[in-house]
Amino acid sequence: MITIRLPDGSTKELEDGSTALDLATSIGRRLAKAAVAATVDGAPVDLGTALPDGAEVAVITEDSEAGRAVLRHSTAHVLAQAVLELWPGAHYAIGPSIADGFYYDFELPGGATFSDDDLGRIEEKMRVVMAADQGFVREEHSIEEGLALFSDQPFKREIIEGVANASPDAELSAEAAADIAPDASAVSTYRNDGFVDLCRGPHVASTGRLGHFRLLRVAGAYWRGDEHRPQLQRIYGTAWESDKALAEHLHRLEEAERRDHRRIGAELDLFSFPTEIGSGLAVFHPKGATIRMLMEQYSRERHIEGGYDFAYTPHITKSELFEISGHLDWFAESMYPPMELEEGQRYYLKPMNCPFHILVFRSSQRSYRELPMRLFEFGTVYRYEKSGVVHGLTRVRGMTQDDAHIFCTRQQMGEELGALLTFVLDLLRDFGLADFYLELSTRPPGKAVGTEEEWDEATEALRAVAEGRGLELVMDEGGGAFYGPKISVQARDAIGRHWQVSTIQLDFQLPQRFGLEYVGADNARHQPVMIHRALFGSVERFFAILLEHYAGALPTWLMPVQVVVLPVRDDHNDYAHGAAARLAAASVRVEVDVADEPLNARIRRWKLQKVPYILVVGDDDVAAGTVGVNARSSERAVRDVALDDFLASLSVEIDTKGSPEPHE
RNA sequence: GCCUGGGUAGCUCAGCUGGUAGAGCAGCGCAUUCGUAAUGCGCAGGUCAGGGGUUCGAGUCCCCUCCCAGGCUCCA
């Protein structure tokens, strides 16, 4: 008999040679049914693994993230199996599970490529393999055996050689690492039917255990993520423990698509990307411009309250400025090429605002009494993003940052950072984002400027303010830029996606390069500390995040049209205009849609525009001074509301930055 | 930048193996006057992304360029 410890601390006695599946069965039939793998003393193993006496064993069930990862990884194997059957001679590379799914990379014979139509054929083939319920059989091989087994598979051989050389796989991504065996002396494979793949495991017991999957798309992907290596053909798919979970996931994808800010931007007539202007360069239409203006106005108000001074700086500059700042050394590739002027003078579009703000600071001798000096600007910058990365408003080539640079003493740094984080989170909450976590990027070893003390002090200050908020803090060790540590605010949206919004970055480099100084109380010159911070990140990107978060149904204070008045017949038009004038006098953005179309058609059109309130006015309203209120997303309208009462509650809603009802 | 897939009316899309372009919505006009998510009829609208080639003939086949999408790489 052997004794097994379970995660809850209890023990279980089993026959010698019992497997993880036997353990699960002994605990309960449902657990056995849901089990896909197990961990033995923390190491993941197949269900069929014989358990050693005294081990601590946990059953991995299909509805856990670890369990889904097993399902997905196993499904990826079947994908490779299907592709190798359909394309004899194909080379297969790696096929890990990823968030919500899996992928597998291939090199097809003769440089062939997958088309979208191939996905259906591959899926069919995979379902045949699953129906055949082939068992996954684990095998261990020496390096030599492994190389022989995969003699015609160059990528597999490369992985095995990597294992053999015991290079700690610095260049293998964590995802790819899941595909290789754990130690340098042997490799493991999994075989089902005629197909064998190099794999660390674990896998489900047999292919019949799989089936709730969908292949989603094909894409190119570099071998080992290196753009200098061959580009392979990648197939992405998703797999779940049940058809229900799969359907829910597909529904989430549809939901995300429905919320796509590019779609909403077109539907609500907010912005566009005229191709005549160029890739990644947006124009804002009147309604989009209204929203943007409101965002910016509110931000300005908050910055005034927050003790910021304002600056305006040009969009172009002589190269000298970016030579001093160092941008031309590091980022010339992502800057627009220079304009050549007379006598070789070169002017650049600015990719960042900081050097300009620095010149404002440096324009006169500064006293410690002036610090902290906080210079704010909606600064429009241009970055020549590579063509493949441009995406809607979230990754553009021209954008406006709500950018500020704070110059302060080292002593002020901690307090300043604390106040700043409060400021950021308050502002984001005002826009309806409420679920945050923070990411702290620390000193990159070996290539940092500034003293270690400065780094420690700054990092500790960031950590202290982060922890003081009780917010989840994710460490990004060594992930800071060479010139200073960084804290970034990640916001979760209404459907659980997270977006990096604000960044707060310490900088020990630029004050030095520009020779910044202030005169201290000791009458000596000191170098100020500089903090870069953008709260929206870029106005365009933040706009996009809000559109996706609210699915276009922004809070009333941000909607370009807040109220529409619909007269039932055209002899109600005068009353409608009067009601609208009353609202407009109270600074409500209101329109009248006169009665030359059926009422329902007009209601529908404004509903689709997500207008917060549609007021319908007819005979009864004209007689009584009332309106019929149809609030956004509500099923039923409320009749006979006194106009003054409506305006009163609307004003409260606008002042409190609320919405007519919880967004969908 | 690289890979794959695309680009047909303002928008969403159809157009088989090459024979000279179509729908719905939107727009405009006329009629309709209506109480909470699509009134009817009519009209107009396209150098089929741009350029070159093959062909008697190209939206359709080939090449180049531009743009878009999904990825990869990148994101100070």
Side-chain angles (χ1 to χ4, degrees), chain A residues 103 105 111-119 173 216-236 257 260 262-263 266-267 269 272-280 322 325-327 329-335 351-352 354 381 383-392 394-397 480-484 486 500 503 505 507 509-510 532 537-538 541 566-573 594-609 614-621 627-640:
Chain A
Y103 66 80
D105 287 346
T113 57
F114 293 120
S115 73
D116 290 345
D117 301 333
D118 293 329
L119 294 183
S173 70
L216 296 176
R217 58 179 55 94
V218 305
Y222 298 106
W223 169 231
R224 293 189 162 176
D226 181 343
E227 64 180 317
H228 302 296
R229 301 213 207 197
Q231 185 153 36
L232 308 177
Q233 289 279 302
R234 175 171 298 179
I235 292 178
Y236 281 97
E257 197 175 331
D260 189 315
R262 294 165 300 177
R263 167 198 289 260
E267 285 172 356
D269 193 18
S272 61
F273 295 89
T275 57
E276 294 83 346
I277 297 178
S279 186
F322 293 128
S325 71
H327 286 99
D329 294 338
W330 313 319
F331 312 119
E333 258 189 26
S334 33
M335 289 168 66
M352 290 187 114
C354 28
V381 297
R383 299 177 183 182
Y384 192 74
E385 302 283 3
K386 287 199 264 182
S387 62
V389 309
V390 169
H391 176 89
T394 59
R395 194 76 183 271
V396 290
R397 286 179 171 169
F482 67 91
Y483 56 81
K486 178 175 79 169
Q500 178 179 310
T503 55
Q505 171 109 43
D507 186 349
Q509 164 85 357
L510 287 178
H532 304 243
S538 88
R541 181 178 148 84
L566 304 184
V568 173
R569 282 192 318 271
D570 54 12
D571 53 327
H572 305 129
N573 284 355
V594 296
D596 54 6
E597 266 184 298
L599 181 65
N600 278 340
R602 286 178 284 153
I603 289 172
R604 177 167 194 273
R605 190 167 58 242
W606 290 105
K607 284 282 188 186
L608 291 175
Q609 289 293 304
I614 295 168
L615 304 184
V616 174
V617 296
D619 289 332
D620 299 346
D621 301 296
V627 292
V629 179
N630 188 332
R632 186 170 66 198
S633 298
S634 69
E635 293 298 322
R636 293 184 327 134
V638 182
R639 290 280 298 272
D640 304 320

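Note that the structure is predicted; figures quoted are calculated from it, not measured. The basis for the numbers below is simple: all heavy atoms, side chains too, and nothing from hydrogens, waters or symmetry mates.
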Protein-nucleotide distance (Q505(A), atom CD; A76(B), atom C1'), rounded to Å: 8 Å
In whole Å, what separates the C1' atom of A58(B) from that of G18(B)? 6 Å
Whole-Å distance between C75(B) C1' and M335(A) CE? 15 Å
Ion pair check, D621(A) and R639(A), cut-off under 4.0 Å: no
Do V568(A) and D619(A) make a side-chain contact, defined as non-hydrogen atoms from C-beta onward lying under 4.5 Å apart? no
What's the gap between C63(B) and U55(B) when it is taken at their C1' atoms, as a whole Å value? 16 Å
Report yes if the side chains of W606(A) and L566(A) come closer than 4.5 Å at any heavy-atom pair, otherwise no. yes
For a side-chain contact (heavy atoms from CB on, under 4.5 Å) check, start with the C-alpha distance between Q505(A) and T503(A), then their side-chain angles and the critical distance, and finish with the verdict. CA-CA 6 Å; Q505(A) 171 109 43; T503(A) 55; 5.6 Å; no
Considering only the C1' atoms, how many Å lie between U32(B) and G15(B), rounded to the nearest integer? 36 Å
Residues which pass ring-ring contact (aromatic ring centres under 6.0 Å, His included) with H572(A), listed by chain and number, not counting sequence neighbours: none
In whole Å, what separates the C1' atom of G45(B) from that of C56(B)? 32 Å
Return the pairing partner of G57(B) with a 3.5 Å limit on both distances, Watson-Crick or G-U wobble; otherwise return none. none
Nearest-Å distance, CZ (R541(A)) to C1' (C75(B))? 10 Å
Determine the minimum heavy-atom distance between D507(A) and L510(A), stating which atoms define it. OD1-N, 3.0 Å
Among the candidates C72(B), C34(B), G35(B), find the nucleotide nearest to the side-chain atoms of A595(A). C34(B)
Only pairs with both distances under 3.5 Å count, Watson-Crick or wobble alike; so what is the partner of U39(B) in this structure? A31(B)
On a plain distance test, is the side chain of R569(A) in donor-acceptor contact with the base of C34(B) below 3.5 Å? no
Of R395(A), R397(A), H391(A), which is the lone residue that meets side chain to side chain donor-acceptor pair (under 3.5 Å) with E385(A)? R395(A)
Find out whether N630(A) and I603(A) are in side-chain contact, i.e. whether some heavy atom of one side chain is under 4.5 Å from a heavy atom of the other. yes
For residues V381(A) and R383(A), determine if any side-chain heavy atom of one lies less than 4.5 Å from a side-chain heavy atom of the other. yes
Once base and sugar-phosphate atoms are separated, protein heavy atoms under 4.0 Å mark nucleotides 65-70 of chain B, 5' to 3', with B, S and - as --SSSB
Shortest non-hydrogen contact from A631(A) toward K607(A): O-NZ, 3.0 Å
Between G35(B) atom P and W606(A) atom CH2, what is the distance in whole Å? 21 Å
Evaluate the side-chain proximity of E267(A) to Q609(A): yes if any heavy-atom separation is below 4.5 Å, no if none is. no
Is any side-chain heavy atom of H327(A) closer than 4.5 Å to one of C354(A)? yes
Is there a donor N/O on one and an acceptor N/O on the other, under 3.5 Å, for the side chain of Y222(A) and the base of G1(B)? yes
Whole Å only: how far is the CG atom of D269(A) from the P atom of C25(B)? 20 Å
Considering only the C1' atoms, how many Å lie between G46(B) and U8(B), rounded to the nearest integer? 8 Å
Side chain of R395(A) (C-beta onward), nearest among A76(B), C75(B), C2(B): C75(B)
Pairing check on C74(B): which nucleotide meets the Watson-Crick or G-U wobble criteria with it, both distances under 3.5 Å? none
Which whole number of Å gives the distance between the C1' atom of A9(B) and that of A21(B)? 11 Å
Report the distance from atom CE of M352(A) to atom P of C75(B), rounded to the nearest whole Å. 13 Å
When the distance from CZ of F322(A) to C1' of A76(B) is rounded to whole Å, what number comes out? 12 Å
Tell me which nucleotide, if any, is Watson-Crick or G-U wobble paired with A23(B) when both distances must be under 3.5 Å. U12(B)
Starting from the 5' end of RNA chain B, give me the residue, H327(A) or L232(A), whose nearest nucleotide shows up first. L232(A)
Expressed as a whole number of angstroms, how long is the span from E385(A):CD to C2(B):P? 17 Å
Where the side chain of K386(A) is concerned, which of G35(B), C75(B), G1(B) is the nearest nucleotide? G1(B)
Same-atom distance (P) from G59(B) to C16(B), integer angstrom: 13 Å
Considering Watson-Crick and G-U wobble pairs with both distances under 3.5 Å, what does G5(B) pair with? C68(B)
Taking the C1' atom of each, how far is U20(B) from U47(B), in whole Å? 13 Å
Please list, for nucleotides 36-44 of chain B, all pairs of protein and nucleotide N/O atoms separated by less than 3.5 Å.
from, atom 1, to, atom 2, distance (Å)
U36(B), O2, N630(A), ND2, 2.6
A38(B), N7, R604(A), NE, 2.9
A38(B), N7, R604(A), NH1, 3.4
A38(B), N7, R604(A), NH2, 3.2
A38(B), N6, R604(A), NH1, 3.4
A38(B), N6, R604(A), NH2, 2.5
A38(B), N1, R604(A), NH1, 3.3

Want to settle it: does K486(A) or D571(A) sit nearer the 5' end of RNA chain B, counting the closest nucleotide to each? D571(A)
